[in-house]
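Encoded as C-alpha cells, the structure appears first; notes follow it.
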Amino acid sequence: ALRVPATLTRYDEPRVANVGTVIEGLGYHPQSPGTVSFEIDGRRFELEAYESGDKLFFVFGDATNRDETYGAGRFLYAAVPGADGLTHMDFNKSYSPPCAFNDFSTCPVASPRNRLPIRIEAGEKYDPALHYSAGAGH
C-alpha cells in the first residue's frame, strides 16, 4: 500500500538545496531537480528530490519519527523518471541513516519542507539499543 506512483515536477533550473545535518553548522547542499508529488490514502503530498547518480534521493520525516523511526528522518531512493515525469515512491524501502547507529557519522536531516504530517508505517524502524555511542561506556 505504500508503494505509490509519483510525478516529478521539475524546477525551471536545478536548484541547490540547503539541508541541515546532525552536526550543527555543517550543511548538505545537493542539487534538486524538483519536487515529487504522490497520494497516500487520498491525500496529496510533495517531497523535494535530490540528485544522486541515476536515482532520486529523499531525506524525509513523518509522524513515526516521534516513536518508531529515527527522529531526524529516513532515507529513500526512487528511479529518475523518464520524459513523462512518472516514478514510484516505495516507502517499504525507506531506511535509517548511518547516524542512527553511531556518533561517528554525519547525516542530512529531513528539512521542514520534507516532513510529512502523516505516519509512514513502512520501511525500517528504529531501535535505540542499536546505537553505538562512545560516551556510553562501549
Side-chain angles (χ1 to χ4, degrees):
L2 286 171
R3 181 181 187 278
V4 296
T7 303
L8 174 67
T9 301
R10 292 186 178 274
Y11 296 136
D12 290 337
E13 295 287 329
R15 299 177 184 173
V16 174
N18 292 309
V19 182
T21 70
V22 294
I23 298 177
E24 192 171 326
L26 180 65
Y28 170 57
H29 307 286
Q31 286 271 74
S32 174
T35 60
V36 170
S37 59
F38 52 92
E39 285 189 15
I40 295 176
D41 293 333
R43 294 175 61 193
R44 189 161 204 71
F45 300 100
E46 187 177 274
L47 293 172
E48 186 169 49
Y50 309 133
E51 293 178 357
S52 183
D54 63 347
K55 297 198 182 298
L56 297 177
F57 177 58
F58 300 89
V59 180
F60 77 95
D62 68 277
T64 66
N65 296 150
R66 294 183 209 120
D67 56 10
E68 288 186 16
T69 60
Y70 184 60
R74 290 183 284 171
F75 291 176
L76 179 65
Y77 286 93
V80 172
D84 61 3
L86 301 178
T87 188
H88 280 86
M89 301 290 285
D90 189 348
F91 288 99
N92 298 292
K93 295 182 178 182
S94 59
Y95 65 97
S96 298
C99 53
F101 302 104
N102 68 71
D103 291 339
F104 308 105
S105 300
T106 186
C107 302
V109 298
S111 67
R113 167 94 181 68
N114 276 12
R115 291 206 168 265
L116 300 171
I118 60 169
R119 294 179 68 83
I120 300 293
E121 301 281 356
E124 186 173 44
K125 303 299 186 232
Y126 176 64
D127 181 351
L130 298 177
H131 183 92
Y132 173 83
S133 178
H138 292 250

Quick check against the 3.5 Å criterion: does [X] have a side-chain atom that pairs as donor or acceptor with the backbone of [Y]?
| X | Y | result |
| --- | --- | --- |
| Thr87 | Ala79 | yes |
| Gln31 | Glu51 | no |
| Asn65 | Tyr70 | yes |
| Thr69 | Thr64 | yes |
| Ser94 | Phe75 | no |

Plane angle bin for Tyr95 and Tyr77 - parallel if under 30°, tilted between 30 and 60°, otherwise perpendicular: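 Parallel, since the angle between the ring planes stays under 30°.
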Residues Glu68, Arg119: salt bridge by 4.0 Å N-O rule: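 Salt bridge between Glu68 and Arg119, a charged N being under 4.0 Å from a carboxylate O: yes.
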Nearest heavy-atom pair of [X] and [Y]: which atoms, and what distance?
| X | Y | value |
| --- | --- | --- |
| Val19 | Pro30 | CG2-CD, 4.3 Å |
| Val59 | Ala110 | CG1-N, 3.4 Å |
| Arg43 | Pro117 | NH2-CG, 4.0 Å |
| Ala17 | Glu48 | CB-OE1, 3.9 Å |
| Arg115 | Gly73 | NH2-N, 4.5 Å |
| Ala78 | Phe58 | CB-CE1, 3.9 Å |

Ring pair (Phe, Tyr, Trp, His ring centres under 6.0 Å) between Phe38 and Phe91, worked out: CA-CA 12 Å; Phe38 52 92; Phe91 288 99; 5.5 Å; yes
Asp84 atom CG: more than 12 heavy-atom contacts under 6.0 Å: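 Yes, the 6.0 Å shell around CG holds more than 12 heavy atoms from other groups.
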CZ (Arg66) with more than 12 external heavy atoms under 6.0 Å: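 Count not over threshold, so no.
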Interatomic spacing from [atom1] in [X] to [atom2] in [Y] - rounded to 0.5 Å:
| X | Y | atom1 | atom2 | result |
| --- | --- | --- | --- | --- |
| Ser32 | Phe57 | OG | CZ | 12.5 Å |
| Leu130 | Lys125 | CG | NZ | 14.5 Å |
| Leu26 | Thr106 | CG | OG1 | 5.0 Å |

Same apolar cluster (I L V M F W Y, side chains within < 4.5 Å links), Leu47/Ile120: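 In one cluster with Leu47: Ile120, yes.
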hydrophobic_cluster_shared for Val80 and Tyr50, side chain cutoff 4.5 Å: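 Each belongs to a different hydrophobic cluster.
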Verdict with supporting geometry, Val4 and Glu39, side-chain contact (heavy atoms from CB on, under 4.5 Å): CA-CA 7 Å; Val4 296; Glu39 285 189 15; over 6 Å; no
4.5 Å side-chain heavy-atom contact, Phe104 and Pro98: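 Sidechains of Pro98 and Phe104: no contact.
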Side chain proximity check, Leu56 to Pro81, heavy atoms < 4.5 angstrom: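 Yes - at least one pair of side-chain heavy atoms lies under 4.5 Å apart.
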Candidate pair Leu76 and Lys93, rule side-chain contact (heavy atoms from CB on, under 4.5 Å), full reasoning: CA-CA 7 Å; Leu76 179 65; Lys93 295 182 178 182; 4.3 Å; yes
side-chain contact (heavy atoms from CB on, under 4.5 Å) evaluation trace for Asp62 with Arg74: CA-CA 9 Å; Asp62 68 277; Arg74 290 183 284 171; 3.0 Å; yes
Pair Ser111, Asn114: side-chain N/O donor-acceptor within cut-off below 3.5 Å: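 Their side chains do not contain a donor-acceptor pair, so the 3.5 Å distance test is not met.
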Worked check of side-chain contact (heavy atoms from CB on, under 4.5 Å) between Ile40 and Met89: CA-CA 11 Å; Ile40 295 176; Met89 301 290 285; over 6 Å; no
For Val36, the option from Thr9, Thr7, Leu8 that meets side chain to side chain contact (heavy atoms under 4.5 Å, CB included):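 The passing option is Leu8.
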